[in-house]
Protein chains: 2
Amino acid sequence: MSKRIETLIAQADKNCTARGTRLTAKRKQVLAGLLNCKRALSAYELVDYCEQEFGETFSAMSVYRILEFLEQEQLAHRLNLANKYVACSHICEHHSHDAPQFLICQSCHKVSEIIIPPNTVSALKQTVADAGFELKSPQIEMNCICNDCKTKALGRDHRNKQHSVAHSQSTTAMTTQAGT
Amino acid sequence: MSKRIETLIAQADKNCTARGTRLTAKRKQVLAGLLNCKRALSAYELVDYCEQEFGETFSAMSVYRILEFLEQEQLAHRLNLANKYVACSHICEHHSHDAPQFLICQSCHKVSEIIIPPNTVSALKQTVADAGFELKSPQIEMNCICNDCKTKALGRDHRNKQHSVAHSQSTTAMTTQAGT
DNA sequence: TGAATTACGTTATGTTATAACATTGCACAA
DNA sequence: TTGTGCAATGTTATAACATAACGTAATTCA
């Protein structure tokens with residue numbers, strides 16, 4: 001395991017101790033698995049991954065419980081769009097975790113945890129409030145294609161585009177779309 | 001079934017014919033089920049709902065296939081956050097369906113399909129592009145609490161708020177949060 | 001009419017998630 | 001040092017969501 005990951009886990013351990021919770025050996029292994037693997041993993045994938053990488057066997061049940069713990073401790077995030085899990089990318093930062101936003105590549109499951117500009121977030125919240133709702137968690141997840149996969153796809157792309165509904169858009173910032 | 005729903009289904013039928021696809025009896029029933037029920041339904045819930053309301057039995061398999069068809073025809077949407085499905089709220093409108101946005105009440109599963117202002121959408125897209133990704137579909141789903149459920153919850157709310165991490169936020173538009 | 005296509009039925013299975021209860025192991029008090 | 005209590009983990013079963021594979025019926029159209 002890389003030095004970087006060891007450092008992160010040491011930090012996570014400190015954070016837990018400070019909060020009066022325990023980052024046990026098992027929990028460290030699951031977190032290490034998430035940190036080690038660049039992409040989002042399902043609980044069951046994580047079971048396999050930990051088995052391969054660390055020779056540790058977990059029941060799916062344990063992994064779910066541990067993931068729940070890691071989420072509470074803000075060491076990992078559940079991605080609802082993908083039903084997968086990732087390590088938090090801000091373990092070392094004293095970061096408020098107010099509004100995590102995730103870009104999930106549909107092709108390779110690479111995940112980027114980004115910061116959306118506060119005024120964009122506030123505009124979203126206002127729109128939501130106008131509709132008579134309130135954001136429960138400001139976590140926003142978006143299905144994307146990462147540039148790597150987009151590039152790879154360009155060669156072999158002439159998909160069955162059955163219904164070419166107008167995709168003209170009143171926005172200016174739209175980048176060109178692969179394969180359309 | 002209400003007159004309104006019959007009208008919507010007639011319109012949906014026309015749309016399909018115009019596109020060279022068929023809104024069969026079974027497909028109409030599933031669509032009617034979605035339209036009739038105000039909240040989001042899972043495929044299996046839809047099976048039960050149609051059985052109760054219309055005395056029609058579907059296998060889950062059929063419902064999945066029909067939902068897939070309805071999605072293609074933009075008569076229904078799959079909500080990835082909830083693994084549930086809703087009728088499109090714009091069946092009668094010649095609406096581009098560019099950027100459907102959904103607010104999903106975590107408590108009662110009520111769904112509101114809203115329009116986010118174009119400049120907010122374009123700001124999001126720019127942020128995503130800066131991170132080296134591209135929005136695959138501009139569909140955005142947000143976990144919310146609707147005002148009804150929030151009101152109901154106020155009486156009985158003093159949850160186990162273990163870790164009161166700072167929730168101060170640099171935005172101005174945040175409405176007060178239930179139960180915190 | 002008959003071939004092709006589309007829709008639907010059926011069964012099996014895969015995937016994600018939780019419930020329920022048993023067991024282990026550590027911390028702390030007596 | 002031994003209980004006692006609680007947190008963590010193990011184990012089994014099952015719920016909930018989804019798709020694969022293949023067969024049959026219905027519809028379209030040459």
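Labels below follow one simple rule: chain letters A, B, ... track the order of the sequence lines, proteins then strands, and each chain is numbered from 1. These numbers were taken from a predicted model, which means no experiment stands behind them.
Shown here for A:Met142 and A:Ile116, the closest heavy-atom pair between the two residues is CE-CD1, 4.1 Å.
Here the nucleotide nearest the side chain of A:Lys26, chosen from D:dA8, D:dA18, D:dG10, is D:dG10. You'll find that the side chain of A:Met61 is closest to D:dT11, out of D:dC17, D:dT11, D:dT9. Of the candidates C:dC8, C:dT6, C:dA17, the closest approach to any side-chain atom of B:Arg22 belongs to C:dT6.
The separation between B:Leu67 atom CG and D:dA18 atom P is 9 Å, rounded to whole Å. One can place OH of A:Tyr44 at 15 Å from P of D:dC17, the figure rounded to the nearest angstrom. Atom CG of A:Asn80 is separated from atom C1' of D:dC17 by 15 Å (rounded to the nearest Å). In this structure, B:Leu70 places its CG atom 14 Å from C1' of C:dC8, rounding to the nearest Å. Summarising the geometry, the separation between CZ on B:Arg27 and C1' on D:dT27 is reported as 12 Å, rounded to the nearest angstrom. Distance OH (A:Tyr85) to P (C:dT15): 16 Å, rounded to an integer number of Å. Straight-line distance from the CD atom of A:Glu73 to the C1' atom of D:dA8: 14 Å, rounded to whole Å. In this structure, B:His109 places its NE2 atom 13 Å from P of D:dA16, rounding to the nearest Å.
Remark: B:Arg65 is not in phosphate contact with C:dT6, judged by side-chain N or O atoms under 4.0 Å from OP1 or OP2. Under 4.0 angstrom from either OP1 or OP2 of C:dC8 there lies at least one side-chain N or O belonging to B:Thr24. For the pair A:Ser62 and D:dG10, the criterion of a side-chain N or O lying under 4.0 Å from OP1 or OP2 is met. Taking side-chain N and O atoms only, B:Asn83 has a distance below 4.0 Å to OP1 or OP2 of D:dA18.
Between the base of D:dA20 and the side chain of B:Tyr64 there is no donor-acceptor pair shorter than 3.5 Å.
Nucleic acid contact for A:Ser59: base, since at least one base atom lies under 4.0 Å from a heavy atom of the residue.
Salt bridge B:Glu73/B:Arg27: absent, no basic N to carboxylate O contact under 4.0 Å.
Remark: of the listed residues A:Leu34, A:Asn36, A:Leu31, A:Asn36 is the sole one forming a side-chain contact (heavy atoms from CB on, under 4.5 Å) with A:Ile5.
Both A:Ala60 and B:Phe69 lie close to DNA chain C; mapped to their nearest nucleotides by heavy-atom distance, the more 5′-ward contact belongs to B:Phe69.
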Can you list the steps and then say if B:Gln139 with A:Asn143 is a side-chain hydrogen bond (donor to acceptor under 3.5 Å, both in side chains)?
-> CA-CA 8 Å; B:Gln139 174 169 323; A:Asn143 281 324; over 6 Å; no
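Other residues, nucleotides and ligands place no more than 12 heavy atoms under 6.0 Å from the CD atom of A:Glu68.
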